Q: 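Pasting in a structure now, in structure tokens, and then I'll have a few things to ask.
This structure is a prediction, so every number in the text was calculated from the model and none was measured. First the proteins, then the strands, lettered A, B, ... as listed; each starts at 1.
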2 protein chains.
Amino acid sequence: MTLGVRHDDLRRRNRAMVIAAIRREGQPSRTDLVSRTGLSHSTISAISSDLIAEGVLRPVKTGENEIVRRGRPQVSLGLEPKAATVLTVVLLLNTLSATVFDYAGQIVAQRRERLATLGATRDDLVGSVMRMIAAVLGDAGRVPKDIMRMTMAVQGITDSDARTMLWTPITPESDIPFADILEKHFAFPVTVQNDCNMIAVALRARDPERYRDNFVTLLLSNGIGMGLVLRGELFTGAYSSGGEFGHMVHRPGGALCRCGRRGCIEAYAGNYAILREAAGRSDQTAADADVDPQTMLELANDARAGEGPARDAFRRAGEAIGYGLGSLFALIDPAPVAIVGPGTLAFDMMEPSIRDAIAQTAGGQHDAAISFDLETDEMPLILEGSARRALEAVDNELFAPGYIATMQATS
Amino acid sequence: MTLGVRHDDLRRRNRAMVIAAIRREGQPSRTDLVSRTGLSHSTISAISSDLIAEGVLRPVKTGENEIVRRGRPQVSLGLEPKAATVLTVVLLLNTLSATVFDYAGQIVAQRRERLATLGATRDDLVGSVMRMIAAVLGDAGRVPKDIMRMTMAVQGITDSDARTMLWTPITPESDIPFADILEKHFAFPVTVQNDCNMIAVALRARDPERYRDNFVTLLLSNGIGMGLVLRGELFTGAYSSGGEFGHMVHRPGGALCRCGRRGCIEAYAGNYAILREAAGRSDQTAADADVDPQTMLELANDARAGEGPARDAFRRAGEAIGYGLGSLFALIDPAPVAIVGPGTLAFDMMEPSIRDAIAQTAGGQHDAAISFDLETDEMPLILEGSARRALEAVDNELFAPGYIATMQATS
DNA sequence: TTATTTTTTTCGAGGCTCGAAAAAAAAGAG
DNA sequence: CTCTTTTTTTTCGAGCCTCGAAAAAAATAA
């Protein structure tokens, strides 16, 4: 049950608010903070001087963009890059990358390598991740105890505690408790997140006007991923990362899906499904584990050239996505949709049938609210979202009792 | 953007917490409140004596159930019935009822009448509601300015501001702004809520062990309604009351639904759909506006008697519900399901196919978490949920600045 | 050099919660 | 019947926190 609000929570919350505002705004002055947070000048002054003394914030000299006016000039406050260091690891099909960020969100060091995930054993995967972390920490000139938080983004389903990769399309291995393994080895806190959720986090940070309280991100690739933000919060399931849009049922008992079930949206709209259909193979054929982007581009060009199996396949894919969005919108009301990933390259071939299908559903009522934004390259978004997630976790730890002691002990 | 926490918010929140705890627990002592809220004895003492002085709480003598122990006996605190009066109106197919509750949640007066909603014009409906409110207020010996809050529960879709009935199956009329109309006439605040959402509110109050953070309520009747609680909060859409489970797409382009679209879950699982199928009519036949419960009981008995069209119809209905739940659970993870309404009388004929269908979907993975509770009579739940909603709104208004002044002015 | 303007800090007042101690209210013991 | 013990509730002073007003600081304009 909900606990009463203690007196010291008050300061902690207001500190959190100030830091969050600075992370959003970039380099606001104290006066900006007053208007953003609704707190008084006195309070902002007290909190910010505390945070500066603790090494979390620093006054920054704004060079050019300042309007020269009468009166005492505003002093902008920025996050102190040295206040903390965080680490992100992104594990996707055949790709592994690790990045070190400073507290201000700037990249300190980055590594990326190809990794044949499909054939990799559990130990291969864990070992590769560990080696890459060690290497990138070396590049950045940091040791594990400098890292205050790590976020790992993976393709697939994670548990709701963000500790274990429950299932993934990138390897037959499942239930890998990355957080436990890495925390044991490196001794910094780790969370494991779904890649699409990280995309959603990044989009909200990039364009808060458009992506704020309710929106959907779809990742169109060999599978179909979804990130869902409802009421301004990332939606996750009760047990898992949830949001398995690709495995909502499009046609009961229909086409064979990569997950082994039948009729999932993915079994019509995933790259493998589009290829299978365009190639005239039965929709009960086993799925390809990976489809070359080049192949999909050629398929899209075939479809653009005129009617034929390729165009039909994309139409069918669009229909599956459209009915799925329609059902989703029946539940949550229409919302802006961001389409991310390689699938955007053929989105023009799918959009008409998506819109037709949505119009057939209850979700199609307010279709003015439905718009599609495209972003082909998902990798920068995943990285940005992961970093943001790790940094925001640090932001909030800074106010926990004992933070100051910890900082002094480690710095 | 989120505002800073002011100093006076603190007291307001803690007062809210105390009142909420008392509404949940019934008649806790101050010591109980200390452990429930985590606040100190001093704070609880201060807040409760304030609330007693303001006439919101009262010390109650617990008669029997008290364990006789050494030491100063605990004094239980209860809600003061005279602190406020709320009103609920429930408008369903062919039924209208209005109830007056005191602040402790006891019924003061109640009226109920049959009303031929299907043939009623907008003015008929509004007029009937107004007359019934006036009558029940008379029964209760209250005047409109005694009422601090009214909740109206309606079958159908409401807007997310809870002010307008956007669409309803009980009459062809749509977009009736009940809240505006009634507030103008009676001058007390009104909200308009979806009936299934009120059922969810009531279930959570009745059995907080089982229905707490995540659960689903399905109302099986001529149509299919849903109430959804996620993360402990009633889920509503961005524009509407949302949760249109019955209009998720089961079979694209399939059976004709009452809403005019094709393939909705309701077009297979609503009473009219089951009857249509069992009677051997085409699934493109127009829906009956209402189906006699007696007819459904006979149909269920036909089905229980052995294989045949009736059994097939229920099986098909179960399949639609099952795939729908499967898709829902793919998004939100499995959760307990409460099945409410006349449809429960034939639930035994549907449950096997529901479970079979769910097992075919991604949502069926953790099917241990899926359980069905049945409750045939929805009316008491709707009433209880509506009252609770109104009372909780009053609970929270009591802490708004100016509350004390208002109370003194009106009492 | 002085006045004006704007930002930031300082200072005292008022509220709130907390822990400890005191008061209250009952049962049990002698 | 009185005193002790036990438990609940209230009181009291300390410590924070936020706020508004006033003061200080830091720049431009005259």
Q: Is a donor on one side and an acceptor on the other found under 3.5 Å between the side chain of A:T85 and the backbone of A:D102?
A: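 It does not hold such a pair.
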
Q: Will you find, in the side chains of B:S40 and B:T43, an N or O donor that is under 3.5 Å from an N or O acceptor?
A: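 Side-chain D/A pair, B:S40 to B:T43: present.
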
Q: Looking only at the side chain of A:Q74 (C-beta and beyond, no hydrogens), which of the listed nucleotides C:dC18, C:dT10, C:dT8 gets closest?
A: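 Of the options given, the side chain of A:Q74 lies nearest C:dT8.
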
Q: Between A:H41 and B:I47, who's closer to the 5' end of DNA chain C by nearest nucleotide?
A: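 The residue mapped nearer the 5' terminus is A:H41.
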
Q: For DNA chain D, whose closest nucleotide is more 5', that of A:R11 or that of B:R72?
A: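 This one resolves to B:R72.
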
Q: Picking from D:dC12, C:dA27, D:dA29, which would you name as closest to the side chain of B:S42?
A: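 When the side chain of B:S42 is considered, D:dC12 is the closest of D:dC12, C:dA27, D:dA29.
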
Q: Any Lys/Arg nitrogen of A:E233 or A:R231 sitting under 4.0 Å from an Asp/Glu carboxylate oxygen of the other?
A: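 Result for this pair is no, no salt bridge flagged.
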
Q: Tell me the interatomic distance from B:D9, atom CG, to D:dC16, atom C1', rounded to whole angstroms.
A: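 Answer to the nearest Å: 16 Å.
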
Q: Heavy atoms under 4.0 Å, any strand shown: does B:T31 hit a base, just sugar-phosphate, or nothing?
A: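 B:T31: backbone/sugar contact only, no base atoms under 4.0 Å.
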
Q: Can you measure B:L10 atom CG to C:dT17 atom C1' for me and round it to whole angstrom units?
A: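 Distance check: B:L10 CG to C:dT17 C1' gives 8 Å.
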
Q: Answer yes or no: does a side-chain N or O of B:T43 lie under 4.0 Å from OP1 or OP2 of C:dC18?
A: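 Checking C:dC18 against B:T43, a side-chain N or O does come within under 4.0 Å of OP1 or OP2.
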
Q: Tell me: CG of B:L77 to P of D:dT8, nearest whole Å?
A: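 It is 14 Å, rounded to the nearest whole Å.
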
Q: Any side-chain N or O of A:R69 under 4.0 Å from OP1/OP2 of D:dA29?
A: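 Answer is no, no contact under 4.0 Å.
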
Q: For a quick check under 3.5 Å, do A:S76 and A:Q27 share a side-chain donor-acceptor pair by atom type?
A: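 Note: A:S76 and A:Q27 side chains miss the donor-acceptor criterion.
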
Q: Give the rounded distance in Å between these two atoms: CG of B:L51 and C1' of D:dT9.
A: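 Those two atoms, CG and C1', are 16 Å apart.
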
Q: If you only use heavy atoms from C-beta on, which nucleotide in D:dT18, C:dT8, C:dT10 is closest to the side chain of A:V75?
A: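 My answer, after comparing the listed nucleotides, is C:dT8.
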
Q: Want to settle it: does B:I44 or A:A46 sit nearer the 5' end of DNA chain D, counting the closest nucleotide to each?
A: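 By nearest-heavy-atom nucleotide position, the 5'-most residue is B:I44.
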
Q: Return no unless some side-chain N or O of A:S40 is found under 4.0 Å from OP1 or OP2 of D:dT18.
A: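 So the side-chain polar atoms of A:S40 never come under 4.0 Å of the phosphate oxygens OP1 or OP2 of D:dT18.
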
Q: If you measure from the Lys or Arg side-chain nitrogens to the Asp or Glu carboxylate oxygens, is any gap between B:R36 and B:E25 under 4.0 Å?
A: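 A salt bridge is present here (some side-chain N lies under 4.0 Å from a carboxylate O).
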
Q: Between B:L39 (CG) and C:dG19 (C1'), how many Å, whole number?
A: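 From B:L39 CG to C:dG19 C1': 14 Å.
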
Q: What's the closest nucleotide to the side chain of B:P73 if the choices are C:dA25, D:dT9, C:dT17?
A: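 My answer, after comparing the listed nucleotides, is C:dA25.
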
Q: At under 4.0 Å, does any side-chain N or O of B:N14 touch on OP1 or OP2 of C:dT17?
A: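 Yes, such a contact exists.
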
Q: Taking OP1 and OP2 of D:dT10, is either one under 4.0 Å from a side-chain nitrogen or oxygen of B:R30?
A: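 The answer is yes; a side-chain N or O of B:R30 sits under 4.0 Å from OP1 or OP2.
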
Q: If I take atom CG in residue B:L33 and atom P in nucleotide C:dT17, what distance separates them, rounded to the nearest angstrom?
A: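 From B:L33 CG to C:dT17 P: 14 Å.
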
